[in-house]
Amino acid sequence: MPKLHSHLYNLSLPGEDMEKYIQPMADTFKILSDPTRIRILSLLARGELCVGCIASTLEMTHSAISHQLRLLRAANLVKFVKEGKEVVYSLDDDHVLLLFDQTLDHVKHKI
């Protein structure tokens with residue numbers, strides 16, 4: 001078993017002070033467990049996009065993409081702004097990109 005170097009990470013071992021973060025973390029991982037949502041985040045990592053552009057790129061219906069974006073928005077992973085009649089989505093903040101990049105690096109390292 002590798003030696004833990006807790007000073008290198010923000011996440012300490014679970015305890016009473018960390019308990020309030022455990023369920024929200026699990027919920028975030030649950031939201032990220034869907035391949036379509038990963039594809040959407042990958043597109044948004046490149047820049048802002050409207051629902052139609054995402055749907056077209058992923059060859060899915062507008063309705064299916066809107067549903068996935070609602071879930072990502074509820075998890076605070078994406079945000080949107082209205083530009084006239086169009087809704088434009090982007091990653092909520094740099095933490096989402098970091099989470100995405102770190103996960104991808106981990107997977108690439110193991111495959």
Side-chain angles (χ1 to χ4, degrees):
M1 179 168 295
K3 183 177 178 186
L4 293 177
H5 298 281
S6 61
H7 64 281
L8 298 177
Y9 308 99
N10 287 331
L11 183 62
S12 61
L13 295 175
E16 286 185 30
D17 59 330
M18 291 298 294
E19 194 59 36
K20 65 183 176 186
Y21 301 112
I22 300 299
Q23 189 59 54
M25 287 176 66
D27 293 341
T28 298
F29 284 118
K30 187 186 305 183
I31 289 293
L32 293 174
S33 69
D34 181 84
T36 298
R37 292 190 284 267
I38 296 294
R39 288 181 183 99
I40 291 169
L41 291 175
S42 178
L43 290 173
L44 294 177
R46 299 178 195 154
E48 298 178 338
L49 289 170
C50 66
V51 177
C53 291
I54 297 169
S56 175
T57 302
L58 297 182
E59 298 179 348
M60 295 178 68
T61 65
H62 190 280
S63 171
I65 294 300
S66 292
H67 172 71
Q68 299 300 332
L69 286 167
R70 262 191 307 280
L71 295 172
L72 290 166
R73 197 172 65 236
N76 297 312
L77 296 172
V78 301
K79 61 184 176 184
F80 71 94
V81 294
K82 283 195 164 204
E83 293 182 0
K85 292 183 179 183
E86 196 166 60
V87 179
V88 178
Y89 283 86
S90 62
L91 297 180
D92 188 70
D93 60 28
D94 288 341
H95 294 112
V96 178
L97 186 56
L98 225 130
L99 180 61
F100 187 85
D101 283 344
Q102 288 294 309
T103 305
L104 182 57
D105 284 346
H106 176 71
V107 170
K108 284 180 176 179
H109 172 74
K110 295 295 180 180
I111 294 179

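Here, residue 1 is the first one in the sequence, and each next residue gets the next number.
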Q | Pairs satisfying side-chain hydrogen bond (donor to acceptor under 3.5 Å, both in side chains), at least one member in residues 75-84, at least two apart | A |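 Listed once each, the pairs would be none.
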
Q.
Considering only residues two or more places apart or on different chains, which pairs with a residue in residues 36-47 satisfy side-chain hydrogen bond (donor to acceptor under 3.5 Å, both in side chains)?
A.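 For residues 36-47: Arg37-Gln68.
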
Q) With sequence neighbours left out, what residues match Gln23 under side chain to side chain donor-acceptor pair (under 3.5 Å)? A)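 Testing Gln23 for side chain to side chain donor-acceptor pair (under 3.5 Å), a comparison that skips the adjacent residues, returns Asp27.
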
(Q) According to side chain to side chain donor-acceptor pair (under 3.5 Å), who are the partners of Arg70, at least two apart in sequence or on a separate chain? (A)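 None.
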
Q: Check the hydrophobic clustering (I, L, V, M, F, W, Y; side-chain heavy atoms under 4.5 Å; chains of links allowed) and say if Phe29 and Tyr21 are grouped together.
A: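 No, Phe29 and Tyr21 fall in different hydrophobic clusters.
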
Q. Same hydrophobic cluster for Leu71 and Val87, using side-chain heavy-atom links shorter than 4.5 Å among ILVMFWY?
A.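 Yes, Leu71 connects to Val87 through the hydrophobic network.
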
Q) Quick one: which of Leu91, Leu44, Leu32, Asp92 gives a side-chain contact (heavy atoms from CB on, under 4.5 Å) with Leu77? A)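 It is Leu32; the other options fail the test.
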
Q: Just do the side chain to side chain contact (heavy atoms under 4.5 Å, CB included) check on Val88 and Leu49 with the steps written out, would you?
A: CA-CA 5 Å; Val88 178; Leu49 289 170; 6.0 Å; no

Q: Inspect the surroundings of CG in Asp105 and state if more than 12 heavy atoms from other residues, nucleotides or ligands are less than 6.0 Å away.
A: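 Check passes, neighbour count above 12.
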
(Q) Using a 4.5 Å cut-off between side-chain heavy atoms of Ile, Leu, Val, Met, Phe, Trp and Tyr, which other residues end up in the same hydrophobic cluster as Leu98? (A)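 Leu98 shares its hydrophobic cluster with no other residue.
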
Q) Under 3.5 Å, side chain of Ser33 to main-chain N/O of Lys30, donor-acceptor pair present? A)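 Confirmed, Ser33 side chain pairs with Lys30 backbone.
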
Q) Would you say Ser56's side chain and Gly52's backbone share a donor-acceptor pair under 3.5 angstrom? A)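 Answer holds: no.
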
Q) Got Leu99 and Leu41 here, is their nearest side-chain heavy-atom distance under 4.5 Å? A)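 Leu99 vs Leu41: side chains apart.
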
Q.
Do Ile54 and Leu69 make a side-chain contact, defined as non-hydrogen atoms from C-beta onward lying under 4.5 Å apart?
A.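 Yes, close enough: below the 4.5 Å cut-off.
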
Q: Supply the atom-to-atom distance Ile65 CD1 to Leu58 CG, rounded to the nearest 0.5 angstrom.
A: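 Ile65 atom CD1 to Leu58 atom CG measures 5.0 Å (nearest 0.5 Å).
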
Q) For Tyr89, which residues count as a ring-ring contact (aromatic ring centres under 6.0 Å, His included) partner, sequence neighbours excluded? A)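 Expected list: Phe80.
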
